[in-house]
Amino acid sequence: MRLSRREFMTLAGGSTVGAVIFTACGVPADELLVEAPLDVPEDLVKGIDSWFATMDDSGLGVIVRVMEGRAKKIAGNPDYPVNLGKHSVHADAALQALYHPDRVEGPMRRRAEGQPLTRISWDEADGLLRQWMADADGNLAIVTNPVRGGDARIASDVASAFNGRVMFFDPLEQGVLHRAIKTVFNQDRIPDFDIGNARTVLSFGADWLGTWLSPVRFGLKYGDFRGGDKRGFMIHAESRMSLTAAAADRWLTVNPGYEGDLAVSIANVIVSEGLVPATNIAAYSANIPEGELAKWAPSLVAERVGVPAERITEAARRFANDGPSIAFGGGSAGAQTNGVFNLTAIYALNILAGSVGAKGGIQFNPAGAQGLPDSATGASFEEWERELAQWRAGNVKTVITHAVDLVHGFPRSVDVGGALDNVENVVAFTGVLDESSAHANLILPENSYLENWGLDVPEPAPGYEVVGFRQPVVNAPLDTESRARLYDSRSFLDTLLQAAGSRVDVSSVKDFVDNTVDDLFATGRGSVTAGDRRLFMNGVLQRGGWWDVNAGANTEPPSSIPSPIAVAAGPGLSELEDRVEGHVFTIVPFAHQSILDGRNASTPWAQSTPDPITTVAWATWAEINFDKAKELGISEGTWINIRTTAGEITVQAYPHPGISPNVIAIPIGQGRGEGVGGRYAEDRGSNILNILVDKKESETGALAWAATRAIVTKAGGKKEFPKFEGDARDIIRPVEGGVPILIVKPGQTAHEAEEYNHEQHLRFISNKE
Amino acid sequence: MQQRRILDEFTINRELLRGNLNTPKWWLPTVLGLLVVVLFGFTLMGIMFNKGVGVTGLNRPVYWGLFITSFVFWVGISHAGIMISAILRLTQAEWRRPVTRAAELLTVFSLMTALFFPLIHAGRPWRIFYWITPFDFSRGIFPNPRSPLIWDPFAIGTYLTGSTLFLYVALLPDLGVLRDRTTGWKHSFYTVASLGWRGNPRQWRLQTVAGILLSALMLPIFVSVHSIVSWDFAVTPAVEGWHSTIFAPYFVIGAVHSGVSAVVTMMALMRWLWGWENYIRPEHFDALARLLIVVATGWLGFTFVELIFGVYSLEAPERALREMQMFTWPWNLLFLIFFLCAFAIPVPLWFFKRVRNNIAMMFWTSILVNIGMWLERFLIIVPGLARKQPFVFTWDSYTVSYLEWGLLLWSFAWVLMLMLLFSKFFPLIPLFETKESQLFTMDVKIGRANMPAVIRE
Amino acid sequence: MVTAAEKVSGHKWGMAVDVDRCTGCQACVMACQAENNTTLSTEDVYRQKRTFAWIRIERYWYGEFPDVKARFIPIMCQHCENAPCEPVCPVFATYHNTEGMNVQIYNRCVGTRYCGNGCPYNVRFFNYWEPVWPKSLRNQLNPDVTVRSRGIMEKCSFCVQRIRRGVREAARDGRELQDGDIEPACVEACPTNALVFGDYNDADSRVSVMRNDDRKYTLLDKLNTFPNVVYLAQVDATEGATGGHE
Ligand code: SF4
Ligand code: SF4
Ligand code: SF4
Ligand code: SF4
């Protein structure tokens with residue numbers, strides 16, 4: 001074919017234009033696609049990693065990724081029935097507790113009060129411990145965080161070998177909860193809440209999706225509750241916007257202390273409208289005097305409870321009509337002078353709804369396998385007061401503390417430090433020096449749980465027998481250059497057992513674990529089946545525990561309950577009203593999402609994880625209602641004084657719309673002084689626990705830690721928070737709905753919602769013009 | 001425009017070589033003063049290299065700030081050279097002659113300064129080689145031709161090369177003069193530098209042709225340099241206020257606005273510092289002011305169109321950005337200053353002949369323009385990033401650190417110092433052009449007719 | 001859209017986020033930090049507004065007291081099929097791989113931060129300072145993940161090291177990869193299963209199913225970035241209007 005130059009040019013030009021148009025219309029996603037001829041560093045994975053199953057210090061089953069003896073990552077153990085492979089923000093932080101640069105390196109002794117600590121050898125430390133425990137025969141106190149399972153058994157064995165006692169300490173104690181469970185259900189342990197199968201969840205006070213009891217387990221169930229076509233409806237009553245309140249479909253802004261009234265009022269609606277079968281009503285009202293319930297009609301209680309009557313009625317109808325339903329609560333609802341009333345009234349709702357023992361309701365747990373302790377709670381404040389009086393009087397020769405910081409955790413008015421100073425020998429097992437360390441004569445570096453043996457029984461258990469196994473999964477951390485051990489630490493319980501010598505019949509925790517494995521093997525049932533005992537042990541350690549799904553609880557639910565209203569007749573509520581002048585708020589302390597009650601405060605990961613609601617990190621803040629703050633001239637970052645009859649702290653305010661106007665909510669866990677808590681926690685924030693007033697729950701003597709009233713004044717000045725969110729908080733959002741969170745109505749598709757939002761947005765704009 | 005004294009060649013040489021053959025009293029102290037600031041600036045850069053970009057006030061989402069603003073600003077200033085030497089030369093505007101060299105010089109130095117900014121702004125500046133060099137270093141990956149950041153160095157590199165050549169070619173005859181008037185090492189230096197300039201017809205022809213060719217070659221750069229700089233922003237669909245199709249011409253005309261204003265500033269300084277009243281005369285300022293009225297008005301038109309495009313769509317994030325840019329403290333103050341400085345104050349003033357012919361007024365108004373134009377770039381770059389997309393959670397603003405301010409100061413000191421150093425060794429006003437222009441304007445009477453003495457090439 | 005990438009590789013990785021399940025608990029945030037050797041976001045880093053969080057939880061307020069709600073959404077790199085961060089990178093330090101992911105070659109990055117401007121989701125994080133860990137804390141660093149130096153950009157990699165290991169181990173053991181075999185750290189942690197990871201090329205995988213859900217939407221849809229992370233809308237079961245203005 002002959003082609004003239006002109007034709008050639010025409011063709012060439014035409015096809016070029018065509019090609020340009022053609023390609024320009026496509027999305028050039030793979031144009032100039034480049035693959036690195038060298039692999040990206042992440043493409044090359046090297047070395048062999050092993051994942052070992054163990055048990056973390058909060059009762060979660062975890063697996064730990066180990067390379068060359070060093071722990072690299074902690075994740076949930078997929079086999080472990082409590083958390084099925086999931087974990088919380090708390091789990092990862094353990095790595096940093098293990099490799100913390102400020103971990104105590106070796107045993108240290110303070111020879112006299114006021115003297116500095118000096119390094120001693122373990123031999124000397126062991127000798128001292130042995131001697132001090134023997135000296136204290138009859139008056140030894142072992143203080144630890146609430147532990148269950150083998151840890152609890154060994155600690156109490158050691159204590160009783162010296163005729164002493166174990167005292168559990170929990171700054172936000174849950175004793176009231178255990179009492180209420182006992183009262184309503186006659187249970188010695190916390191039941192499992194079958195949230196995943198419920199259609200209506202009614203909860204009070206407790207931030208069960210954030211920090212309360214077993215948030216990972218609850219989170220898993222919450223996922224099921226939300227998932228699929230059977231999406232449930234959740235009502236949560238709390239005075240502040242916790243994660244749980246944020247997750248709820250309906251948030252009831254109950255006044256602190258009136259959760260019980262709210263629960264009874266809900267019962268009033270159900271009973272008066274006859275929304276549930278008569279047998280349930282009969283069971284519920286068996287012990288309630290005639291006409292008594294009528295006093296809790298929504299219209300009568302709405303004002304003091306802080307929830308509009310129609311919302312109470314709505315909650316009652318949903319709870320009764322849209323089952324399976326479950327009601328539970330705790331946390332700040334129990335931390336009141338009338339805490340037991342509040343919680344019994346809440347749990348009693350399950351009897352009304354017929355959800356005790358039912359699918360989607362309250363499910364009881366069996367006693368711990370092999371008689372292992374299955375439930376733990378801090379000693380009540382009253383018991384502590386008695387104990388501390390003994391210390392102060394010099395009647396206690398030796399106190400051994402482990403995993404608690406008493407000085408940090410008690411109200412300042414209690415003067416734990418003074419009590420400790422009157423104890424001759426104070427032995428503190430610790431990872432990083434804490435506030436109580438200043439009062440100890442002997443500091444013993446404690447292992448991370450990753451270096452220990454142990455046995456745990458989870459609470460709440462998943463409805464059947466479970467024993468969690470802890471095993472050492474890492475080598476002792478070494479200095480990279482000198483290859484010397486970085487921390488000459490030991491297991492708390494092993495050290496105690498060694499000091500106890502022949503007085504206790506197990507010689508080590510491993511011994512105890514072995515014995516339990518023998519027993520479990522002998523039962524011939526459960527999750528691990530093996531031909532011989534050695535294989536059985538391997539199996540148990542590989543899976544991180546032993547459980548028997550068939551070994552459920554055989555406890556019958558009680559046929560009727562003591563009247564919650566009869567409980568209310570006790571003192572309680574009136575004591576809430578302190579006579580203080582000024583802008584009075586109720587202080588609601590709460591556990592920080594990542595540093596919890598302060599036990600993770602030393603780790604930089606936990607410190608740097610932004611609080612979900614305020615996004616503040618590395619600091620203490622006080623949540624206060626937005627409008628109320630405006631009224632008081634307080635804005636974000638303003639320094640405010642919070643004064644109670646027990647003292648005063650200065651913190652920065654974070655106003656937001658999600659909190660009752662009469663409440664000020666402050667996370668606990670910070671507020672350590674100089675040189676305390678390691679480099680990441682020292683000199684940081686303030687500690688609200690210090691200025692709590694020592695009010696007690698009327699039935700149990702527990703500390704009513706959410707019942708303190710305070711006056712809030714401006715302290716002068718303000719400072720920007722170290723926080724994650726940007727600076728556009730106060731700017732009215734000129735942004736179309738659905739960005740970035742698209743919200744649909746049940747049954748509505750995303751597309752429909754987007755169209756709707758867009759229309760609304762156009763309307764909004766044209767109205768504004 | 002032709003009324004002026006006719007000077008003899010000797011006077012021209014004497015006056016224009018005033019700065020080269022003897023040193024003015026103020027020269028050394030000024031240069032030393034500037035040197036202190038310059039060294040201080042280099043120390044700041046050293047700190048940045050040593051510690052990292054962390055020492056700036058930049059954050060997430062405001063990843064670009066003062067440095068990129070200043071980069072765009074100095075590239076804008078560099079348009080002085082193109083405008084004066086290429087456009088005016090090709091359009092044969094006679095009055096350009098005394099300022100061509102200074103304008104071209106400003107171009108070269110401001111480009112050199114501009115290049116510093118993206119370099120020190122980069123996280124790992126020592127890796128610049130495979131950023132801008134089309135060489136694969138056995139990785140099999142060339143630089144990414146889709147990224148405007150590749151074309152920036154190409155465009156600016158071409159511009160810098162072209163301008164330097166242009167400057168040099170135009171300098172040759174004057175170097176010859178200097179060679180002939182100096183002794184000792186200076187003589188040797190000028191001998192080498194003048195490349196054997198003899199001033200014979202062939203050399204003059206080559207020199208003239210080279211000048212014209214370079215002017216023509218640099219014309220596309222006039223369009224491309226700031227267009228490409230504008231694409232640094234315009235191809236970023238994520239940032240409100242950046243992804244505008246109008247950006248290329250808008251940036252170009254803005255650059256001319258600031259570049260020509262910078263020439264005005266410089267001319268006033270030259271006239272005052274070296275007493276060149278005979279060469280830089282009010283009619284020059286008058287001409288530039290008229291040019292600026294046109295340029296500034298055109299630029300204002302683009303500014304309005306840009307704003308209207310933004311607001312017309314009624315897109316929420318775009319509106320949020322504009323609200324912040326114009327109505328939120330402290331941006332509203334910056335916006336006001338920007339608008340007053342870049343247009344509202346100078347342009348109405350320039351309508352008055354008295355102002356146009358008043359050197360001091362022209363000096364100050366031209367400075368205002370550049371304050372305004374620096375702010376314009378800042379107001380384009382930062383608010384867009386601070387209010388990027390409708391994820392209000394991530395919106396955050398930016399505080400310029402002292403170090404960044406220090407480096408902005410450095411850039412001015414650096415350019416001034418280089419100019420003054422140059423002025424010590426080379427004539428700032430081209431001798432030969434001045435003489436040539438005298439010839440062109442001289443008439444000879446032939447009969448009753450007035451004929452130009454020289455017929456142009 | 002079928003890209004050349006998908007044709008080349010057997011996999012196309014993606015994530016699905018059920019906003020309705022997310023409680024804002026931050027477990028994913030910490031897990032990602034721990035897995036990916038992310039620099040510590042110290043208090044100074046916070047104050048400088050340069051906080052690192054390859055996955056972050058954004059919190060938005062809706063309504064007014066007492067009918068107010070805090071809603072959370074996890075946001076990580078969306079691994080856009082048509083990623084605005086990619087074309088602007090002068091050195092190809094960030095590019096698209098054959099498995100539908102946007103990947104970052106730390107070694108090439110010169111730190112222009114241009115990609116950070118380009119990313120509409122603000123999920124790229126720049127190392128303004130040299131990352132430092134106390135010596136003992138370096139023990140916890142993941143050997144599979146580069147420790148970045150200062151001056152470079154980083155972002156969610158879909159835990160590419162876990163993908164590589166998963167693929168390699170499946171090949172070694174001679175088995176087919178199953179849905180759920182590979183879990184990035186954030187997905188592994190998430191207690192409510194709000195995060196799901198998988199292969200879009202496997203029609204039965206959970207992500208494929210979720211991508212066809214009625215509630216599925218993608219972030220900043222109108223920008224045509226075609227993210228490989230899809231979201232399922234939050235459900236509001238109370239009365240009243242959807243979405244709307246705050
Ligand atoms: S989300 Fe941002 S960083 Fe990720 S691929 Fe898309 S544009 Fe790039
Ligand atoms: S910061 Fe790095 S990855 Fe981003 S555009 Fe610049 S060179 Fe590329
Ligand atoms: S996929 Fe991996 S890198 Fe990405 S956010 Fe999740 S954990 Fe982080
Ligand atoms: S872990 Fe899951 S539930 Fe928790 S914040 Fe992340 S995405 Fe949400």
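Any value given below was found using the heavy atoms of this structure, including those in side chains, with hydrogens, waters and symmetry copies removed. Just so it is clear: chains get the letters A, B, ... in the order the sequence lines come, proteins before strands, and each one is counted from 1.
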Region of C:Pro87 that comes under 4.5 Å of a non-hydrogen atom in chain B | both
Proximity breakdown for B:Thr399 and chain C, heavy-atom pairs closer than 4.5 Å | neither
Does CD in C:Glu64 sit with more than 12 non-hydrogen atoms of other residues, nucleotides or ligands closer than 6.0 Å?
-> no
Considering only heavy atoms and a distance below 4.5 Å, find which of C:Pro120, C:Cys85, C:Gly118, C:Ser149 pairs most often with chain B.
-> C:Pro120
Would you mind checking which part of B:Val62 comes under 4.5 Å of any heavy atom in chain C, side chain (CB onward), backbone (N, CA, C, O), both or neither?
-> backbone
Quick one: what part of B:Trp242 sits under 4.5 Å from any heavy atom of chain C, side chain, backbone, both or neither?
-> side chain
Interatomic spacing from OH in B:Tyr63 to OH in C:Tyr128 - rounded to 0.5 Å = 5.5 Å
Answer yes or no: does atom CZ of B:Phe42 have more than 12 heavy-atom neighbours from other residues, nucleotides or ligands under 6.0 Å?
-> yes
Where does B:Lys51 contact chain C at under 4.5 Å (heavy atoms): side chain, backbone, both or neither?
-> both
Heavy-atom closest contact (C:Arg150 atom, B:Asn50 atom, distance) = NH2-O, 3.2 Å
Would you name the heavy atoms of B:Arg60 and C:Asn122 that are closest together and state the gap between them?
-> NH1-O, 3.0 Å
What part of C:Gln48 gets closer than 4.5 Å to chain B, counting heavy atoms only: side chain, backbone, both or neither?
-> backbone
Which atom names give the shortest non-hydrogen contact between C:Lys49 and B:Asn59, and what distance separates them?
-> O-CB, 3.3 Å
For chain B, which of C:Leu223, C:Asn117, C:Thr112, C:Ile73 has the most heavy-atom pairs under 4.5 Å?
-> C:Asn117
Reported CD-to-OH distance for the pair B:Gln389 and C:Tyr121, which is rounded to 0.5 angstrom = 8.0 Å
All heavy atoms of C:Phe126 vs all of B:Gly123, minimum pair found to be CZ-CA, 3.7 Å
How far apart are the C-alpha atoms of C:Arg59 and B:Phe393, what are their side-chain angles, what is the distance that settles it, and do they pass the side-chain contact (heavy atoms from CB on, under 4.5 Å) test?
-> CA-CA 7 Å; C:Arg59 184 270 293 110; B:Phe393 186 86; 4.2 Å; yes
Could you tell me which of B:Tyr398, B:Trp131, B:Trp151 has the largest number of non-hydrogen atom pairs under 4.5 Å with chain C?
-> B:Trp131
Taking non-hydrogen atoms and a cut-off under 4.5 angstrom, which of residues 231-240 of chain B neighbour chain C?
-> B:Trp231, B:Asp232, B:Phe233, B:Val235, B:Thr236, B:Pro237, B:Ala238, B:Val239
CZ/C:Phe92 to CZ/B:Arg146 distance, rounded to the nearest 0.5 angstrom?
-> 6.0 Å
Interchain contact, B:Leu58 with chain C, by part (heavy-atom threshold 4.5 Å) = both
Residue pair B:Arg127 / C:Val91, side-chain heavy-atom distance below 4.5 Å | no
Can you name the nearest heavy-atom pair linking C:Val110 to B:Ala122, along with the distance?
-> O-CB, 3.6 Å
The reported gap from CG in B:Asn144 to CZ in C:Arg108 (rounded to nearest 0.5 angstrom) is 9.5 Å
